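Note sheet for the following structure.
Everything quoted here is computed from the prediction, not taken from an experiment.
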Amino acid sequence: MRRFGLLLASGAVLLGSSAADAQKRTYINPVDFDQRYNFEQINDGASYRTSADPAIVNHKGVYYMFQTLADGYWSSTDLIDWKFITPSRWPMDSIVAPAAISDGERIIIQPSMMEPESILATTVPETGTLDFFVRRMPPLPGSTDKAPEEMKEGEVPPGPWDPALFKDDDGKWYMYWGSSNVFPMYGAEIAFGDGKLTYKGVGKPMLSLDPAKHGWERFGQDHCACWSPTRPSPSYMEGAWMTKHDGKYYLQYGAPGSEFNAYANGTYVSDKPLGPFSYAPWNPIAYRPGGFAEGAGHGSTFQDNHGNYWNSGTSWVGYNWGMERRLVMYPAKFYADGQFSASTRFGDFPHFVPTSKIDDPAKLFTGWMLLSYRKPVTASSTMGEFAANRVTDEDPRTFWVAAQNRSGETLTLDLGAPKAVRALQVNYADYKSGRFADAPDIYTEFQMQLSLDGQSWQPLARPDGPRRDRPNANIELPQPVRTRFIRYVHGHVGAKNLAVSDIRVFGNADGRAPAVPGRLDAQRHQDQRDATIRWAKVPGAVGYNIRFGIKPDRLTQTHQLWADELGDAATLTKELKSLNVGVPYWVAVEAFNEAGVSKLSRTVPIR
């Protein structure tokens with residue numbers, strides 16, 4: 001048996017180690033931080049951790065993250081470890097979908113509101129000290145509670161909800177807002193002074209959804225334009241964010257709704273901060289309908305300390321409540337011709353955090369593949385139908401529940417053969433958790449063990465750092481560890497029940513990457529929002545990435561698929577339903593397994 005040294009893992013301490021902390025290099029989506037329990041459904045008895053609508057700003061070299069219903073915010077110096085900061089003051093009803101901006105001297109935080117409330121600010125965000133920047137907002141000019149068809153010119157719905165703040169290079173301030181399935185997104189020039197906010201005019205429409213032309217803007221699972229097959233639904237636009245790059249204004253928005261896998265971020269572009277704005281034909285900018293962390297909408301765009309762009313968003317869980325969600329972030333870039341895109345390829349596999357300026361965000365993928373998909377699992381105990389095999393199905397809406405929430409409960413994964421393990425992610429679920437607020441006993445403790453034969457066990461790792469909750473605990477090992485069996489040994493969770501949705505093991509198996517997919521064919525439908533992609537099944541492939549875009553050498557969109565979900569036919573088929581009418585597309589397919597990724601197939605036009 002190979003001898004395993006006592007090393008310190010990034011994101012985890014190898015048991016028995018007393019070495020100094022190893023440098024942390026990687027992150028895995030969903031983001032690993034101590035999310036809070038939602039209190040809004042306390043009277044419905046729906047208890048779940050949640051996080052959504054991230055507003056991340058870089059303030060003096062430190063990243064600060066604000067989000068929905070958190071009763072505070074987080075800071076990070078490396079985009080890997082996030083520390084919760086308890087604020088000195090906070091709204092009694094908490095904050096939903098906040099705007100956050102650094103003007104270089106302070107961070108300004110504006111909650112969503114339907115009537116005048118306060119705006120907060122801090123010059124020392126690391127301390128949690130917040131003061132009133134605007135104690136009382138003025139009424140929103142033209143605000144009236146009417147149906148769209150009854151609106152007159154100069155009238156807007158109550159708000160501003162889902163706001164974004166933007167300060168231009170000339171010192172002028174602007175606000176953008178809107179969250180609706182009927183009303184547009186609005187924008188207005190504003191001014192701050194003497195503790196007041198002043199609207200410089202009535203909000204003007206900036207953009208509206210057009211799902212009849214933009215396939216990705218159709219609401220529902222896989223863009224079905226429905227809540228269910230018998231319940232049609234319009235689409236929802238929300239989550240304003242403004243980024244100025246190379247003289248262009250990118251007004252971003254989330255659509256078509258956060259309750260399903262299709263949630264994404266898009267943008268309109270203008271030469272002026274209040275438009276007119278033009279729809280970007282390469283939309284969406286962040287799109288991830290497949291994989292474990294599905295959905296990427298309603299977030300923020302920021303630059304790291306090396307000048308690299310990032311786009312954050314909201315990933316869908318939706319088991320306990322439709323708005324049960326997690327946070328994700330993706331490396332992004334602006335191309336020379338102005339196209340803005342976030343890289344979601346293998347978006348919930350381990351990625352390196354850049355330590356310098358990079359040209360290609362896709363190069364941040366570590367190449368560590370998922371080793372745990374559909375692998376057999378045994379549990380020390382099980383409650384009802386919540387079987388152990390659910391922890392390797394890559395579905396956050398299914399999970400194992402132990403018969404009792406007690407220390408020592410175990411889950412044992414058999415990888416099938418010895419493999420080089422590089423990282424693990426332990427994802428907890430909530431099943432009748434009974435928690436609706438933070439508390440001292442809400443924290444996560446566990447150990448990971450390894451074995452080559454399933455009989456003799458050695459310690460592998462445990463979470464590092466201060467005691468806190470880790471709903472999506474990321475453990476990076478400092479060097480590959482060769483093992484066949486991985487065992488989770490439970491310590492503590494603050495919920496009533498011990499529920500684990502997925503234990504995800506990353507690394508590389510022996511052998512070769514799959515062959516290049518062949519016989520690729522792409523047919524566009526009469527409804528140009530849709531296309532059918534066909535390719536030859538690749539032996540031994542665990543999954544495929546359909547990569548597509550509006551230029552043959554720039555396939556910026558990715559739809560990840562599991563091979564076993566596509567059937568056993570010699571020719572595999574998948575419909576894309578996210579295309580823009582009148583825009584030409586090209587597509588290619590790559591296959592992946594536990595050893596690596598195939599070369600990309602030939603690129604063909606979608607005709």
Side-chain angles (χ1 to χ4, degrees), residues 11 26-33 35 48-52 221-222 258-264 286-297 299 312-320 324-330 342-351 364-375 377 386 388-400 411 413 415 421-430 470-476 486 488 499-507 541-546 558-566 592-594 597:
T26 64
Y27 71 98
I28 305 175
N29 284 315
V31 177
D32 179 5
F33 72 107
Q35 301 153 31
Y48 56 95
R49 304 172 180 92
T50 192
S51 49
Q221 186 74 10
D222 295 322
S258 69
E259 294 89 344
F260 295 97
N261 69 331
Y263 206 25
Y287 179 67
R288 185 170 171 79
F292 177 71
E294 297 175 322
S312 66
T314 306
S315 179
W316 172 57
V317 175
Y319 175 83
N320 292 283
E324 182 181 9
R325 298 165 289 180
R326 297 290 187 263
L327 298 190
V328 291
M329 62 181 189
Y330 298 107
S343 176
T344 65
R345 176 178 174 261
F346 294 111
D348 54 22
F349 286 27
H351 277 63
L364 296 175
F365 174 46
T366 60
W368 303 343
M369 310 307 296
L370 185 68
L371 305 178
S372 50
Y373 184 61
R374 300 289 186 188
K375 291 298 191 295
V377 186
F386 300 101
N389 63 358
R390 298 182 176 195
V391 305
T392 58
D393 65 1
E394 288 290 288
D395 184 351
R397 286 164 293 282
T398 67
F399 44 83
W400 163 76
L411 286 166
L413 284 66
L415 302 181
V421 174
R422 302 296 301 258
L424 306 99
Q425 186 188 49
V426 178
N427 299 276
Y428 291 91
D430 282 294
R470 302 280 294 272
N472 306 100
N474 171 24
I475 297 175
E476 177 195 340
I486 297 285
Y488 165 91
V500 177
S501 69
D502 285 81
I503 295 178
R504 310 175 72 216
V505 182
F506 297 95
V542 173
Y544 302 89
N545 287 325
I546 299 177
T558 300
H559 196 138
Q560 181 180 311
L561 304 163
W562 299 111
D564 61 345
E565 297 175 343
L566 295 169
F592 61 89
N593 61 14
E594 296 180 354
V597 188

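- A distance of 4.0 Å separates CZ of Phe399 from OH of Tyr319, quoted to the nearest 0.5 Å.
- Between Tyr287 and His559, the ring planes are perpendicular. Angles over 60° get that label, and only those under 30° would be called parallel.
- Side chains of Asn427 and Asn472: a donor-acceptor N/O pair is present below 3.5 angstrom, by distance only.
- Judged by distance alone, with hydrogens and angles left aside, the side-chain atoms of Thr314 form a donor-acceptor pair with the main-chain N or O of Gly297 at under 3.5 Å.
- Using a 4.5 Å cut-off on side-chain heavy atoms (C-beta onward), Gln221 and Phe260 make contact.
- Contact annotation: the side chain of Asp395 never approaches that of Arg390 to less than 4.5 Å [non-hydrogen atoms, C-beta and beyond].
- Distance CD/Glu594 to OG/Ser372: 8.0 Å, rounded to 0.5 Å.
- Among residues two or more places apart in sequence or in another chain, the ring pair (Phe, Tyr, Trp, His ring centres under 6.0 Å) test is passed with Tyr330 by none.
- Screening Tyr544, Trp368, Phe346, Phe365 for a ring-ring contact (aromatic ring centres under 6.0 Å, His included) involving Phe592 leaves a single residue, Phe346.
- Nearest heavy-atom pair across Ala563 and Ala541 is CB-O, 3.4 Å.
- Taking both residues in full, the closest heavy atoms of Asn261 and Trp316 are given as N-CE3, 3.6 Å, listed atom of the first, atom of the second, then distance.
- Although no hydrogens or angles enter the test, the distance criterion places no donor-acceptor pair under 3.5 Å between the side chain of Thr26 and the main chain of Pro350.
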**Asked** Is there a side chain to side chain contact (heavy atoms under 4.5 Å, CB included) between Val500 and Asp502 once you walk through the steps?
**Response** CA-CA 6 Å; Val500 177; Asp502 285 81; over 6 Å; no
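- Taking each heavy atom of Arg326 and Tyr428 in turn, the nearest pair found is NH2-O, 3.9 Å.
- Proximity of a side-chain donor or acceptor of Asn320 to a complementary backbone N or O of Tyr48 within less than 3.5 Å is not detected.
- Here CD of Gln560 is found 10.0 Å from CZ of Arg345. Values are rounded to the nearest 0.5 Å.
- How far CD1 of Ile486 is from CG of Leu415: 6.0 Å, rounded to the nearest 0.5 Å.
- In terms of heavy atoms, Trp562 sits closest to Gly291 at NE1-CA, 4.5 Å.
- Each of Leu424, Ile503, Val377, Val391 was compared with Tyr488 under the side-chain contact (heavy atoms from CB on, under 4.5 Å) criterion, and only Ile503 meets it.
- If you take CG on Asn474 and CD1 on Ile28, they are separated by 4.0 Å, rounding to the nearest 0.5 Å.
- Residues Ala429 and Arg49 share a closest heavy-atom pair of O-NH1, 3.7 Å.
- When only modelled atom types and interatomic distance are considered, Arg325 and Ser258 share a side-chain donor-acceptor pair under 3.5 Å.
- Partner Tyr373 forms a side chain to side chain donor-acceptor pair (under 3.5 Å) with one of Asn593, Asp564, Thr392 and no other, that one being Asp564.
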**Request:** Assess whether salt bridge (Lys or Arg N to Asp or Glu O under 4.0 Å) is satisfied between Asp32 and Arg470, documenting all intermediate values.
**Result:** CA-CA 6 Å; Asp32 179 5; Arg470 302 280 294 272; 2.7 Å; yes
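- Asn389 places no side-chain N or O within 3.5 Å of a backbone atom of Arg374 that could act as its donor or acceptor partner.
- Checked for salt-bridge contact, Glu294 and Arg397 meet the test: a charged N lies under 4.0 Å from a carboxylate O.
- Looking only at atom types and distance, the side chain of Arg504 has a donor-acceptor partner in the side chain of Gln425 under 3.5 Å away.
- How far CZ of Phe349 is from CG of Leu370: 5.0 Å, rounded to the nearest 0.5 Å.
- A pairwise comparison of heavy atoms in Pro289 and Thr558 identifies CD-O, 4.0 Å as the closest pair.
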